[in-house]
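Protein chains get the first letters and strands the later ones, always in sequence-line order, with residue 1 at the start of each. This one's a predicted model, so the numbers in the text were calculated from it and none came from an experiment.
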Amino acid sequence: MPAKRAHDAPTTPNKRQKGKQARIDTFFSSPRTPVRAPAASPPSPEVIIIDGPDDTTDSPKAGPSTAPSHAPPPAPSSRTFSLKSSHAALSYPSLTTDALTFDVLQVSAQWTPGAPVPYSFLAHTLKSVSETRSRIAITNALTNCLRVVAQHHPASLLPAVYLLSNTVAPSYVPVELGLGASISKSIQQISGLSSGALRDLYNNLGDVGDVAFAAKSKVRTLIPHPPLLVTGVYQSLLAISRCKGQGAVKEKQKIVEKLLIASKDEETRFLARTLTQNLRVGAVRTTILTALSRAFVLTSRSDGRQSGMHAPAVLLASVKTLASPSKSQKKPAVDDAREQIIELFDRAEGLVKQVYVRHPCYEDIIAALLKDGLDGLEQHVSLAVGIPLMPTLGSPTRSLDEVFNILQDHPFAAELKYDGQRAQIHGQRNDEGRLVVHIFSRHLENMTTKYPDVVHMFQSMCGEATGASSFIMDSEIVALDPSTGALKTFQELSNRARKDVQLGDVRVAVGVFAFDLMYLDGQELIGLPFRERRAMLNSQFLAFVPEEKGIARFSHVECCDSQLGRDAIEEFMVKATESRCEGLMIKLLDSCEVEERDAKKAKTRRKPFPATYEPDKRTAAWLKLKKDYITGLGDSFDLVPVGAWHGNGRKAKWWSPILLALRAADGELVAVCKCMSGFTDAFYKGLNDRYSLNDESTTSSRQPLWGGEFGGFKPDVYFRPHEVWEVRVADVTISPVSLAAKGLVSQARGLSLRFPRYIKTREDKGIEQVMTAGELARVYEQQEARGRHDGGNDEGDLLDVDIDGSVPASESDST
DNA sequence: CGAAATTGCTCC
DNA sequence: ATTCAGG
DNA sequence: CCTGAATGAGCAATTTCG
Ligand SMILES: Nc1ncnc2c1ncn2[C@@H]1O[C@H](COP(=O)(O)O)[C@@H](O)[C@H]1O
């Protein structure tokens, strides 16, 4: 039975954080493991990692690295530690108060000078942050927290930032916790609750952390435990990530249990969330960066030198003393000091964020900040070959009209939007003249060893005498037919092996379609307008078809500039639709200004509209025009909701996702896919009313009362089929789970839908009128027939390529 | 040793 | 990927 | 407009289970 699956997390950096959360209920719903009393395994406090081992580095980047690595923060030497009040709970002040008047000593005075920061302080911070949705309060809390940590125990700062940002390492460093459902076993172990009780808790709370908290509050811990430390918790995470091979799960579980046993109160909640990489406090990357920058503005430089970026102590002092009530006559002076600091905040925030998106590594940034403060940051931490920068993102648009509306008559390039995988490719010639290549994914994971054929291609292309000696390029890697160059589908590409692939083992040939150049021969290009970057890309890298077999192809993305006229663009869109492409990417060529209507003043303002490479930005300078967004072009199906699962986190009180079904030829409803997108909160409330799970419910049940074929889907609850929903989808896929339309396209497998999103309820339709299996199969066949006319690349491939895998008969798999 | 379960990552 | 909610 | 959260299908890799 397939579990619920993980997801992309574009709003959060690095490790796909959400993931496991979604799958945990799978464990909770399998009542199997026998319960053991917590007393059966008495915890031994001394095995808890309290500090980093003396002789190992604090950093996940340990070992040989191409990254310009800074010395790790000094490992805290004390294994023993003491807190002034190791038994009485520490009491922390509110952190959401104004960062300008916050008193660091209020917190750190309770701690032994120089001692590592206790984890309870982080838990307190996370609690404060999770209790509000006000951005200002969240930023204050994080700023105050980081400021306390930076001043009290600088070596705790990096671990604190990792723990607050829900990450363990930079995305390009492969550190994985590999913890999912196993944490629930640990909770069971330490709490002694039955798996059924835990499942009920989970169904109600929708959050592992809340479950851990509730479960633990029911047990009394017998042995007092030394407080968890920020550094220690972080080290434990790294220890978990290092567990490999047979017995790894048990080993991880042991570490998790020790942590959970040692945790107190709120610590338990956030520890459990951290372990599942699902912090859910309403603040991750960007807010942390803002807070980090502010914390350093408010921290004077260690060398006491004058600085243009840190607030001078006098300024701070004046804000503080004058802020005390009763001195209202001095208000103007306060306001002035305040303004100056806020000005510094803004500059520092811009700087830190700019540095981060070009070099997304907290370790390097914090090392530089601790060493030279904000002033030296840009110099110490810069765009570098071997370190991925964050990619520019495209904004969705629904029509060419909208595109012209946004871009007015500024020149743009329309490029094919290839259906593959984004690849940021770095190359640099080393001392021996050999080109060292790194390839990063869209989320900046290092996938160099997945594409030896691409590495070799660049090494052949950039021969010793010719070609660039260093570069960073943005591209899409697409599966293709090695002899004709005809494009293949994303699904073909995803069949490639991923780890440590040898050149001879490559089964799926690919091509690199380059569309941007961010760095060339020691020069940053990201500040140049796209037209210039593109010209350099085109002149420095020529299309390349390898003579040798087994090496990737290279070409530029096919494009059509706006100067060719609107008709040409429209034709190009049709071409994109007919090749195996998802649509177009539309890119502003020259930096310019746009008119902006100010509604209030009925005035127009001119706003700069840069065509530069903007890491991590989703602006109108890059527009994506996907065929499935376009009204009339995308597929929209009518389906029946037949079941659902308990929602997680924010949606804990609602049904989410919802299982949808179509009609087989004999009228039976067959589950086809889950749907979770497109629902408003109000709609969820309505669903709760219509499908409430109480005793008299006639619309929902724990048992499949109303028949139907569910295939591999095992919803928490079944719905009486009676509604019809219109759902928009991007694609039809052959599924390992769904049995919808089984036998029509594949003998053993059914069809499913990609990117389903709810559009509206079809009040006008009955469940007999929904999409049928035959109709879905026809859509699939049409979709597969597309894209065989034109590969869309430089090699003429108008001859029909093989139809492998596209024809129903050949797709059948044995049963 | 092979199947099943779990996880992490990609993406239209 | 996608969508929605809140400041 | 920015930031965050919560979720899709489906693949390879890893580890445990039988
Ligand atoms: N010509 C192109 N320019 C930019 N991105 C492209 C291009 N062709 C394909 N893409 C992909 O489209 C993705 C953005 O679309 P989306 O993921 O729908 O936001 C990028 O991450 C690229 O992987």
Side-chain angles (χ1 to χ4, degrees), chain A residues 1-12 15-24 26-27 30 132-138 171 174 176-182 206 243-250 277-287 290 396 417-422 441-443 445 447 450 489-500 580-583 617-619 624 626-629 645 647-652 654 656-658 673-684 728-738 752-758:
Chain A
M1 172 186 73
K4 291 209 232 166
R5 304 306 328 265
H7 304 274
D8 240 351
T11 51
T12 49
K15 304 290 115 190
R16 145 68 120 282
Q17 46 142 52
K18 308 325 26 194
K20 289 143 272 194
Q21 177 60 46
R23 292 177 194 169
I24 279 169
T26 306
F27 169 78
S30 55
T132 176
R133 299 195 73 165
S134 152
R135 309 303 311 168
I136 294 170
I138 290 174
S171 44
E176 279 162 18
L177 293 186
L179 284 175
S182 53
C243 297
K244 292 262 156 65
Q246 227 202 350
V249 171
K250 282 225 171 68
Q277 293 279 278
N278 201 326
L279 213 42
R280 272 205 280 242
V281 292
V284 273
R285 199 196 70 220
T286 40
T287 322
T290 303
K417 186 173 188 302
Y418 295 85
D419 184 2
Q421 170 172 37
R422 193 165 189 165
S441 73
R442 193 208 124 129
H443 293 302
E445 306 263 336
M447 52 174 190
K450 179 176 176 181
T489 60
F490 173 76
Q491 208 154 354
E492 299 250 16
L493 182 68
S494 62
N495 284 328
R496 266 184 78 118
R498 287 165 198 172
K499 289 199 167 167
D500 299 323
R580 287 204 210 264
C581 289
E582 266 312 291
K617 287 247 164 70
R618 213 179 272 285
T619 70
K624 52 181 180 186
K626 295 216 278 192
K627 62 181 182 227
D628 84 276
Y629 299 153
W645 285 262
N648 283 309
R650 204 178 82 73
K651 300 188 180 175
W654 298 326
S656 176
I658 314 289
C673 72
K674 295 189 263 190
C675 181
M676 47 83 190
S677 206
F679 304 117
T680 60
D681 287 8
F683 186 84
Y684 282 120
R728 182 169 281 266
V729 305
D731 243 330
V732 183
T733 56
I734 294 192
S735 168
V737 188
S738 158
S752 191
L753 308 175
R754 229 170 176 188
F755 293 151
R757 52 249 198 232
Y758 169 85

Atom NZ of A:K244 and atom P of B:dT7 are separated, to the nearest Å, by 16 Å
Exercise. When we call it a touch if two heavy atoms are under 4.0 Å apart, what does A:T489 touch: a base, just sugar-phosphate, or nothing?
Worked result: nothing
*asked:* Quick one: does any side-chain atom of A:R496 pair with a main-chain N or O of A:K450 as donor and acceptor, under 3.5 Å?
replied: yes
In whole angstroms, the gap separating C1' of D:dA13 from CG of A:D500 amounts to 11 Å
ask   = Using a cut-off of 4.0 Å on non-hydrogen atoms, how would the nucleic acid contact of A:S441 be classed: base, sugar-phosphate, or nothing?
value = sugar-phosphate
From CG of A:L493 across to P of D:dA9 the rounded distance in Å is 20 Å
Rounded to whole Å, CD of A:Q246 lies from C1' of D:dG18 at a distance of 14 Å
Looking only at D:dG10, B:dC11, D:dT7, the nucleotide nearest the A:F490 side chain is B:dC11
Separation of D:dA5 atom P from A:M676 atom CE, nearest Å, is 16 Å
Next item on the list: Look at all strands and tell whether A:S494 reaches a base, only sugar-phosphate, or nothing, counting heavy atoms closer than 4.0 Å.
Entry: sugar-phosphate
(request) Have a look at A:R754 and say if it touches a base, only the backbone sugar-phosphate, or nothing, with a 4.0 Å heavy-atom cut-off. (result) base
Rounded to whole Å, CG of A:D419 lies from P of D:dG10 at a distance of 14 Å
Rounded to whole angstrom, note down the P distance from D:dA6 over to B:dC11. 22 Å
In whole angstroms, the gap separating C1' of D:dA9 from CZ of A:R757 amounts to 13 Å
Classify the nucleic acid contact of A:F679 as base, sugar-phosphate or nothing, counting any heavy atom under 4.0 Å across all strands shown.
sugar-phosphate
Quiz item: With no angle test and no hydrogens, is the base of B:dC11 tied to the side chain of A:R422 by a donor-acceptor pair under 3.5 Å?
Solution: no
Is A:R133 touching bases, backbone alone, or none of the nucleic acid, heavy atoms closer than 4.0 Å?
sugar-phosphate
Item to complete: Select base, sugar-phosphate, or nothing to describe what A:I136 touches, counting heavy atoms under 4.0 Å on all strands.
Response: nothing
A:R728 CZ to C:dC4 P, in whole Å, measures 13 Å
Regarding the side chain of A:K651, the nearest nucleotide among D:dC11, C:dA5, D:dA6 is D:dA6
